[in-house]
Amino acid sequence: MNVLKLTADTTFTLAQAPENLHFFHSWVNGKLWETLEPEAYQVLLTDFAIFFVVAIVAAIAYFVAKTFVVSLVKRIVVRSKNSWDDEILNSRLLTFVSLIVPTIIIWKVGAKAFTSAEHASVIDAGGNVVMILLAFLSINSALNVCERIYRRYEISKKFPVKGFIQVVKIVMAICGTVFIISSIIDKSPLALFTGLGAMSAVLMFIFKDSILGLVAGVQLSANRMVARGDWIEVPKFGADGEVLEVALTTVKVRNWDKTITTLPTYALISDSFKNWRGMSASGVRRIMRSITLDMQTIKFVDAAMMGRLKSIKLLDEYLEGKEQELNSWNDEQEVDPQDLTNARVLTNVGTFRAYIAAYLKNHPKISQTETLLVRQLQPSQYGLPIQIYVFSNDNRWIEFEGVQSDIFDHLLSVMAEFDLSVYQRPTGRDFSGNE
């Protein structure tokens with residue numbers, strides 16, 4: 001069985017095959033061309049020689065076209081004062097456009113190099129396919145350039161277009177595929193499009209996410225619900241940060257811990273989320289925080305405390321007006337001011353609230369045009385909450401936190417002047433009797 005038969009009277013063993021490789025090659029070459037007549041053999045070689053020359057000319061044309069196009073565009077870009085046209089040089093658009101020239105040469109001239117209709121049809125079909133691919137890649141690259149240029153402008157943060165561009169790319173890809181298939185099988189594209197219409201249900205199922213994303217993208221853009229650069233919170237997906245990209249099917253959010261969360265575009269329509277754009281645009285940011293007072297330290301203002309409080313300039317107007325109001329009321333009711341049960345008397349917690357309001361009204365970092373409120377909340381087992389509800393006129397994150405912290409640092413420190421203290425849950429140290 002260790003025998004390789006070439007003809008009826010010629011055999012080689014496998015061990016002798018390397019020694020007779022030259023003869024084997026000659027035999028295969030003869031068998032390959034013995035079916036062709038000498039004239040046909042010469043014609044085919046001539047066709048390939050001409051096609052080879054055409055291919056060389058096409059390669060030269062490619063380098064010339066690319067050099068000319070690139071140099072021309074570079075001159076225009078260098079002389080231009082705009083920066084957005086740099087995106088053209090950074091893309092592959094010029095390469096794809098330059099490839100069109102050699103493709104046309106091979107497609108139109110190379111096909112005529114073959115006298116055989118079969119060979120010419122192969123070159124023609126191949127050139128047609130390559131032209132469709134180059135057209136698709138060129139338009140795709142041009143759309144990418146347009147998107148990058150658009151992202152340079154502030155309007156891109158309000159009206160993202162990436163989703164619409166992706167829809168155009170999908171439609172182009174489908175149409176390009178149909179044209180390529182129709183070119184290969186030599187059928188009309190209309191017949192294939194008719195078949196796609198019959199498969200619409202299957203296509204809708206395959207592109208379900210894209211269709212939902214398209215609908216969601218249109219609604220998000222039309223209603224200006226979210227845009228690139230917005231700060232959004234989507235608790236369901238653990239997203240809390242800046243929107244990086246609003247695409248056809250996904251939205252990318254860079255969280256404050258620098259992680260990236262990708263969520264479906266349609267989720268922003270079907271589920272709720274919080275957008276902080278209004279706060280950013282307003283220039284202010286709300287401070288809503290409470291100090292919980294120990295209710296055992298709440299009491300009436302006595303003479304000693306009144307003497308201390310009158311030295312606080314922020315309370316001058318309040319104390320003067322309150323003293324007149326209370327004395328007038330007590331006189332009308334004929335009540336002794338020392339009768340704490342029946343008389344109206346100042347309390348340290350009420351005076352402390354007045355001090356907080358006066359302090360905030362004179363604070364340079366607190367907006368005086370927005371709501372400014374100091375109020376008591378419902379007492380609980382933890383004490384009496386005094387809530388501050390104001391707006392900082394600096395909504396930058398670090399600066400805002402600094403303003404908020406400075407305010408409460410001061411209030412917690414000045415509280416002792418009112419004989420008040422903050423409630424703090426007892427710890428083991430409190431029960432041990434240690435100082």
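The residues of the chain are indexed from 1 along the displayed sequence. Values reported hereafter were calculated over all heavy atoms of this structure, with side chains retained and with hydrogens, waters and symmetry mates removed. Being a predicted model, the structure only gives us computed values, none of them experimental.
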#### Entry: Check: A173 main-chain N/O paired with T177 side-chain donor or acceptor under 3.5 Å
yes
### Query
Going by heavy atoms in the side chains, are M305 and K299 under 4.5 Å from each other?
yes
Note to self: Can you confirm whether more than 12 heavy atoms, excluding those of I398, are under 6.0 Å from its CD1 atom?
What the structure shows: no
Next on the checklist: Looking at F391, I'd like to know if the NZ or CZ of R286 sits under 6.0 Å from its six-membered ring centre while staying within 45 degrees of the ring's axis.
Outcome noted: no
Quiz item: Just wondering, do W231 and M279 contact through their side chains at under 4.5 Å, heavy atoms?
Solution: yes
Over 12 foreign heavy atoms within 6.0 Å of CZ, F408
yes
One should read off an interatomic distance between L411 CG and L420 CG, to the nearest 0.5 angstrom, of 11.5 Å
Q.
With side chain to side chain contact (heavy atoms under 4.5 Å, CB included) as the criterion, how do F273 and K236 come out once you've worked through the C-alpha distance, each side chain's angles and the decisive distance to 0.1 Å?
A. CA-CA 9 Å; F273 71 98; K236 180 178 178 180; over 6 Å; no
- [ ] Kindly indicate, with the supporting measurements, whether the criterion side chain to side chain contact (heavy atoms under 4.5 Å, CB included) is fulfilled by M415 and V422.
- [x] CA-CA 8 Å; M415 198 179 301; V422 179; 3.5 Å; yes
**OP:** Take atom CD of E317 as the centre, draw a 6.0 Å sphere, and report whether it contains more than 12 heavy atoms from other residues, nucleotides or ligands.
**Re:** no
* Asked: Can you find a heavy atom in the side chain of V251 that is under 4.5 Å from one in the side chain of T262?
  -> no
Item to check | Short side-chain to backbone donor-acceptor contact, T265 and T250, under 3.5 Å | outcome: yes
Only one of L268, D240, D271, V226 passes side-chain contact (heavy atoms from CB on, under 4.5 Å) with V234, and that residue is L268
Handout entry: Exceeds 12 heavy-atom contacts within 6.0 angstrom, atom CD of Q296
Key = no
CD1 of I356 to OG1 of T351, rounded to nearest 0.5 Å, is 11.0 Å
Trace of the side chain to side chain contact (heavy atoms under 4.5 Å, CB included) decision for V390 with E370:
CA-CA 7 Å; V390 292; E370 303 292 337; over 6 Å; no
If you count every heavy atom of other residues, nucleotides or ligands that lies below 6.0 Å from K365 atom NZ, does the total exceed 12? no
Looking only at side-chain N and O atoms, does S392 offer a donor or acceptor that is under 3.5 Å from a partner on D394?
no
Counting N and O atoms only, with roles assigned by atom type, does the side chain of N255 sit under 3.5 Å from a partner on the main chain of K258, one being a donor and the other an acceptor? no
* So, the side chain of S282 versus the backbone of V284: is there a donor-acceptor pair under 3.5 Å, distance only? -> yes
N393 side chain to P364 main-chain N or O, any donor-acceptor pair under 3.5 Å?
yes
Next on the checklist: Between Q368 (side chain only) and I366 (backbone N and O only), is there a donor and an acceptor less than 3.5 Å apart?
Outcome noted: yes
* To do: Report, as yes or no, whether the 6.0 Å neighbourhood of atom CZ on R92 holds more than 12 heavy atoms from other residues, nucleotides or ligands.
  => no
- Message: Under a plain distance cut-off of 3.5 Å, with no hydrogens placed, do E242 and W256 share a side-chain donor-acceptor pair?
- Response: no
Q. Considering only heavy atoms from C-beta outward, does the side chain of L309 approach that of F418 to under 4.5 Å?
A. yes
Item to complete: Please check if any side-chain donor atom of D230 sits under 3.5 Å from a side-chain acceptor atom of N275, or the reverse.
Response: yes
I'd like to check L143 versus M172 (side-chain heavy atoms, cut-off strictly below 4.5 Å). Are they in contact? yes
Rounded to the nearest 0.5 Å, the CG atom of N395 sits from the CH2 atom of W276 at a distance of 11.0 Å
Self-check item: L293 side chain near Y423 side chain, heavy-atom distance below 4.5 Å
Solution: no
Side chains of P264 and F237: does their closest heavy-atom pair fall under 4.5 Å? yes
Distance col, row I388:CD1 vs Q404:CD, nearest 0.5 angstrom, shows 9.0 Å
(request) Could you label the plane-to-plane angle of the Y359 and Y355 rings as parallel, tilted or perpendicular, counting under 30° as parallel and over 60° as perpendicular? (result) parallel
* To do: Check the surroundings of atom CD in Q376: do more than 12 heavy atoms from other residues, nucleotides or ligands lie under 6.0 Å from it?
  => yes
Query raised in the report: Under the 3.5 angstrom rule, does the side chain of S138 hit a backbone N or O of A135 as a donor-acceptor pair?
Result: no
Donor on one side chain, acceptor on other, S405 and D409, under 3.5 Å
no
Taken to the nearest 0.5 Å, the spacing of N348 CG from I298 CD1 works out to 7.0 Å
Is it true that D419 and R308 have a side-chain N and a carboxylate O under 4.0 angstrom from each other?
yes
Value for CD1 (I180) from CG (N128), rounded to nearest 0.5 Å, stands at 9.0 Å
Minimal heavy-atom distance between P385 and P379, with the atoms involved, is CD-CA, 4.1 Å
Can you see whether K169 engages N144 through a side-chain donor-acceptor pair at a distance of less than 3.5 angstrom? yes
Is any side-chain heavy atom of M306 closer than 4.5 Å to a side-chain heavy atom of E323? yes
